[in-house]
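Let me give you the structure first, and then I'll get to my questions.
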Amino acid sequence: PIRTTKEQLKDPYPENLHTACYYCISYYDEFEYDENCMCPCEITEREKVIDQDGKEELHYTAFFGGRDIDNSGWDTFCAHDDKMPKKATNITQMSIKIVDKMFTTDMYQPKVFRHHINVPE
């Protein structure tokens with residue numbers, strides 16, 4: 001399961017990682033999954049629910065745009081959409097990813113080899 005902000009106080013993710021949520025605002029102003037729009041988010045709650053087939057799954061509550069969430073470098077349509085909710089509920093685990101924070105991957109380190117390497121076919 002994805003750790004909530006409270007759980008991360010005791011068992012944090014590494015400094016270079018954070019959670020991001022896929023989201024889209026539907027015509028009815030409800031949260032929907034959209035694989036083309038991802039934004040940093042804080043997972044505040046997790047609950048077990050039973051789906052229509054009787055299977056147990058985890059649903060999350062996420063907070064967008066908190067003061068500790070850095071949206072710089074993210075797609076402005078996704079990260080700064082005026083209709084974006086501050087809080088979304090019933091988010092499934094497939095809508096949440098643990099991703100690298102901007103500019104923390106190896107390619108941004110000083111003196112890194114950044115040239116294309118051709119591999120013969």
Side-chain angles (χ1 to χ4, degrees):
I2 306 293
R3 296 180 201 142
T4 64
T5 50
K6 189 174 182 178
E7 292 168 339
Q8 288 184 56
L9 294 174
K10 291 183 180 178
D11 187 15
Y13 290 119
E15 273 185 34
N16 63 317
L17 301 177
H18 64 164
T19 50
C21 298
Y22 290 106
Y23 83 97
C24 176
I25 306 304
S26 73
Y27 178 77
Y28 300 103
D29 291 338
E30 294 173 353
F31 179 91
E32 290 184 353
Y33 175 80
D34 181 352
E35 66 183 28
N36 296 315
C37 204
M38 181 189 275
C39 180
C41 61
E42 292 178 346
I43 305 302
T44 56
E45 297 174 31
R46 176 181 58 237
E47 67 177 326
K48 291 180 183 178
V49 296
I50 307 298
D51 69 8
Q52 298 171 1
D53 300 326
K55 294 181 183 176
E56 187 177 278
E57 62 180 32
L58 297 174
H59 282 203
Y60 297 86
T61 298
F63 181 73
F64 298 90
R67 66 174 186 264
D68 296 332
I69 299 176
D70 181 11
N71 283 338
S72 61
W74 289 81
D75 183 337
T76 55
F77 173 76
C78 295
H80 302 288
D81 188 344
D82 290 338
K83 291 190 79 179
M84 187 171 135
K86 296 293 182 197
K87 180 180 178 180
T89 57
N90 294 321
I91 300 173
T92 60
Q93 189 159 343
M94 75 177 232
S95 298
I96 304 168
K97 300 291 180 212
I98 298 173
V99 298
D100 292 307
K101 288 183 180 176
M102 289 295 198
F103 310 114
T104 61
T105 60
D106 289 343
M107 70 181 279
Y108 294 102
Q109 300 302 315
K111 299 182 182 179
V112 172
F113 185 77
R114 294 185 181 92
H115 298 283
H116 181 71
I117 299 173
N118 287 324
V119 178
E121 292 184 26

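Quantities reported herein were computed from a predicted structural model and do not represent experimental measurements.
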pair E57-V49: side-chain heavy atoms closer than 4.5 Å: yes

Step-by-step side-chain contact (heavy atoms from CB on, under 4.5 Å) determination, V99 to L17: CA-CA 5 Å; V99 298; L17 301 177; over 6 Å; no

Considering all heavy atoms, the nearest E42-T5 contact: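 It is CB-CG2, 3.8 Å.
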
Pairwise distance CD(Q93) to NE2(H59) - rounded to 0.5 angstrom: 10.0 Å

By side chain to side chain contact (heavy atoms under 4.5 Å, CB included) - contacts of P1 (at least two apart):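 Scan of P1 (side chain to side chain contact (heavy atoms under 4.5 Å, CB included), adjacent residues dropped) gives R46, L58, Y60.
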
Side-chain donor/acceptor of D51 to backbone N/O of D53, under 3.5 Å: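 Yes; judged by distance alone, with no hydrogens or angles, the pair exists.
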
Y22 side chain reached by T92 side chain, heavy atoms, under 4.5 Å: no

Salt bridge (Lys or Arg N to Asp or Glu O under 4.0 Å) contacts in which one or both residues fall within residues 10-21, not counting sequence neighbours: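 Listed by first then second residue: R3-D11.
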
Gap separating the OG1 atom of T4 from the CD1 atom of I43, nearest 0.5 angstrom: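 That separation rounds to 9.0 Å.
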
Spatial distance of atom OH (Y13) from atom CD (E7) [nearest 0.5 Å]: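 Atom-to-atom, Y13:OH and E7:CD are 8.0 Å apart.
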
Donor-acceptor under 3.5 Å (T61 side chain, T44 main chain):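 Judged by distance alone, no pair lies under 3.5 Å.
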
Flag, side chain of T19 to backbone of C41, donor-acceptor distance under 3.5 Å: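 Such a contact is found between T19 side chain and C41 backbone.
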
Side chain to side chain, N90 and E47, heavy atoms closer than 4.5 Å: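 N90 vs E47: side chains touch.
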
